[in-house]
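Indexing begins at 1, ligand by ligand and atom by atom, following the structure's order.
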Amino acid sequence: MRILLITSSYNGLCQRTHIELVSRGYEVSITLAISAEVMEHSVELFHPDLIICPFLKERVPETIWQKHLCIIIHPGIKGDRGPSSLDWAITDNLTEWGVTALEAAEEMDAGDIWATATFKMRKAAKASIYRHEVTGTAIKVILEMLEKFISKSFTPEKLDVSKPDVKGTLRPLMKQPERKINWETDTVDIIMRKINAADSFPGVLDTIYGEEFYLFGVHKEECLRGWKPGEIIAKRHGAICRAAVDGAIWISHLKRKKIDQQSFLTRLTSLHKPDYKLPATLILGEAKLKDVPESPIDLLYMDKAETFKEIWYEENNQVGYLYFNFHNGAMSTEQCQRLRLAYSEAKKRATKVIVLMGGTDFWSNGVHLNMIEVAKKPADESWRNINAIDDAVLEIINTPNQLVISAVYGSAGAGGVIMTLAADKVFARAGVMMNPHYKTMGLYGSEYWTYLLPKRVGIGHAIELTDIPLPIGMQKAKAIGLIDDTLPEEWDDYLAELRQRAEGLANSADFAQQLQAKNELRKKDEAIKPLSAYRAAELKRMKMNFYPSFYGGDHTYHEARYNFVHKIRPKETAAYLAKHLQLNTANFHELRKPLNY
Ligand code: COA
């Protein structure tokens with residue numbers, strides 16, 4: 001059966017849908033919804049039996065949905081319609097929300113219903129709920145819908161808003177006036193909901209020191225207080241702390257309102273200022289924040305008080321859990337250095353096992369491309385950043401007194417995937433997506449990948465994983481040895497099983513032998529080829545990516561990074577996704593074979 005995915009971008013949900021379908025033997029092709037013509041052309045070429053739109057902001061042309069069954073995955077409960085579903089659900093403080101699979105029809109989101117399911121809402125940013133609850137529920141809904149489709153006996157349900165189980169309604173696009181924070185009256189809870197409902201897009205527009213910015217990354221502050229609501233009362237690791245009527249909150253990131261959206265006068269003064277997401281203090285500048293006190297935090301923060309923290313640590317039964325929750329999993333030079341120091345502190349403690357927990361949404365996505373883009377000399381900053389992440393990876397590899405586990409709950413990309421392999425064991429949540437390739441960013445890659453990756457998966461898979469810019473699901477990751485095992489989807493179950501495994505390892509009868517075996521293997525590996533040699537060879541290639549004019553490389557990396565940071569949409573679907581574009585007589589039969597994922 002041929003399934004065409006029409007999507008606004010190859011985002012996490014589309015990646016997961018792709019992998020789940022291919023692993024079940026379906027032939028899948030993907031097209032970005034670049035225009036009506038592109039969508040129509042892909043349907044003409046692929047002749048799909050079914051079309052699924054896992055993430056679609058555009059309209060599917062009538063010419064398509066009138067001839068083909070076209071299922072829209074809508075992040076809302078039955079009856080919910082409109083483009084701001086999750087935004088309203090968070091703003092309205094709902095305790096339950098859902099995902100519905102419905103047919104594309106004249107009225108958006110009002111087509112016949114094939115499947116629907118609900119989930120418990122979590123107090124978190126919209127993007128985080130999307131990456132976890134929505135994605136997990138969407139996959140269930142897609143699989144249920146597929147079963148019904150295959151049965152050929154299912155009649156989808158017409159949307160009837162008068163039915164008691166249809167609780168959703170038509171909601172308009174949520175605009176900035178509805179999102180606006182009233183610092184004089186809004187409580188911490190309300191401010192957090194407003195910022196969460198707009199995170200990661202479009203952000204809440206607010207005025208700081210007379211300029212307009214979108215706010216992102218809100219965190220509750222339990223101890224600090226200020227007199228004037230809205231006032232910036234502290235700064236820490238790029239974030240700003242602002243007073244509220246009943247407490248305070250941290251905002252980690254700001255995005256300047258785009259220049260073409262601003263008044264003429266502001267446009268003049270804003271020229272050459274970055275208009276993409278960056279740490280708040282960097283956007284506001286040192287001069288404006290010079291009187292704002294720095295609010296230090298322990299390197300290994302072990303307190304329970306709520307505050308803005310990127311790295312924290314817990315310890316239980318001889319196991320140390322090191323969390324590093326960097327916004328979007330991006331790790332700047334300074335963040336890598338801080339992580340390395342925190343890890344080396346964790347190593348000094350009397351534990352037997354260290355668990356690298358990463359962050360909720362992303363374990364790590366490698367070097368911080370936005371921080372590199374904004375640097376005066378991006379090539380130099382790329383060099384500093386890659387060396388800083390390499391240092392952190394090295395610190396993990398060289399852990400002689402503990403066994404180390406990478407516990408991957410959020411997804412991981414590029415160098416972030418490789419970093420997981422620096423541990424002795426890798427466990428991942430079953431629904432995690434890993435993108436181990438550096439290709440789309442035009443990079444050769446470092447983080448000791450030439451040592452760590454073949455060691456785990458062998459040369460053949462190492463080449464496949466780094467050469468083909470496709471995500472890998474955890475079923476295949478386990479089969480090829482990229483990870484050791486999967487963990488449950490739900491956080492509480494995930495944590496319980498992880499703790500059990502980590503403590504089991506710490507208390508295992510052969511712990512000393514396992515540690516000795518690891519140290520001996522490291523010694524042997526080092527004698528064959530030192531880690532410094534792997535690093536030097538990787539960095540030599542990276543120099544060609546960073547300084548193409550000096551070292552004879554091409555400019556792909558700088559261009560790819562610019563496009564990534566500025567969110568420049570690709571003009572066409574990548575050939576490795578758009579199977580239909582390869583559909584010609586010569587390879588038609590090849591394509592029809594089920595893909596082995
Ligand atoms: N640096 C800066 N920001 C990054 C980042 C990085 N390395 N990786 C991801 N992000 C940001 C994205 O810009 C996006 O920001 P926003 O949603 O706040 O606007 C957010 O993280 C989520 O990323 P997105 O690309 O939307 O997620 P995805 O699930 O569709 O794709 C990846 C995940 C990992 C495939 C993709 O983010 C990626 O290719 N990242 C770059 C990896 C890389 O090349 N790192 C450098 C080499 S080590």
How far is atom 1 (N) of ligand 1 from its nearest protein heavy atom, and which residue and atom is that?
-> Leu369 N, 2.9 Å
N or O pair under 3.5 Å between Phe362 and ligand 1 | no
Flag for His580-Ser29: side-chain donor and acceptor within less than 3.5 Å = yes
Heavy-atom proximity to atom 34 (C) of ligand 1, best of Asn365, Asp361, Asn435 = Asn365
Where is the nearest protein heavy atom to atom 30 (O) of ligand 1: which residue, which atom, and how far?
-> Asn11 CA, 3.5 Å
Please confirm whether Gln15 comes under 4.0 Å of ligand 1, counting heavy atoms of the residue only.
-> yes
Distance from atom 25 (O) of ligand 1 to nearest protein heavy atom, with residue and atom | Phe564 CE1, 4.0 Å
Numbered in order shown, the ligand 1 atoms found under 4.0 Å of a heavy atom of Gly366 are 48 (S)
Who's the nearest protein heavy-atom neighbour of atom 16 (P) of ligand 1, and how far?
-> Lys277 NZ, 3.4 Å
Among Val417, Ile372, Ile389, Asn370, the residue with a heavy atom nearest to atom 2 (C) of ligand 1 is Asn370
Does the protein put a heavy atom less than 4.0 Å from atom 32 (C) of ligand 1?
-> no
Protein contact of atom 29 (O) of ligand 1 - nearest heavy atom, named by residue and atom, plus distance | Gly12 N, 3.7 Å
Return the option from Pro436, Gly410, Ala414, Ser332 holding the heavy atom at the smallest distance from atom 43 (C) of ligand 1.
-> Ala414
Would you say ligand 1 has an N or O under 3.5 Å from any N or O of Lys567?
-> yes
Return yes when Glu447 approaches ligand 1 closer than 4.0 angstrom through a heavy atom, no otherwise.
-> yes
Validation row, ring centre Trp491 to ring centre Tyr409 under 6.0 Å = yes
Ranked by distance from atom 6 (C) of ligand 1, the top protein heavy atom is Val367 O, 3.5 Å
Identity and separation of the nearest protein heavy atom to atom 15 (O) of ligand 1 = Asn328 ND2, 3.2 Å
Heavy atom of protein closer than 4.0 angstrom to atom 46 (C) of ligand 1 = yes
Report yes if some N/O of Ser200 lies less than 3.5 Å from some N/O of ligand 1; otherwise report no.
-> yes
Check: Phe216 ring centroid to His253 ring centroid under 6.0 Å = no
Criterion side-chain contact (heavy atoms from CB on, under 4.5 Å) against Trp250, the qualifying member of Glu306, His237, Arg236, Lys220 | Arg236
May I ask you to say whether Glu310 pairs ionically with Arg338, meaning some side-chain N is under 4.0 Å from a carboxylate O?
-> yes
Centres of the Tyr444 and Tyr438 rings: under 6.0 Å?
-> no
Using a strict cut-off of 4.0 Å, indicate which atoms of ligand 1 neighbour a heavy atom of Leu443.
-> 47 (C)
Phe324 and Trp312 aromatic centres sub-6.0 Å | no
The residue among Arg456, Lys478, Lys425 that forms side-chain hydrogen bond (donor to acceptor under 3.5 Å, both in side chains) with Asp484 is Arg456
min-distance protein heavy atom vs atom 26 (O) of ligand 1 -> Arg131 NH2, 4.9 Å
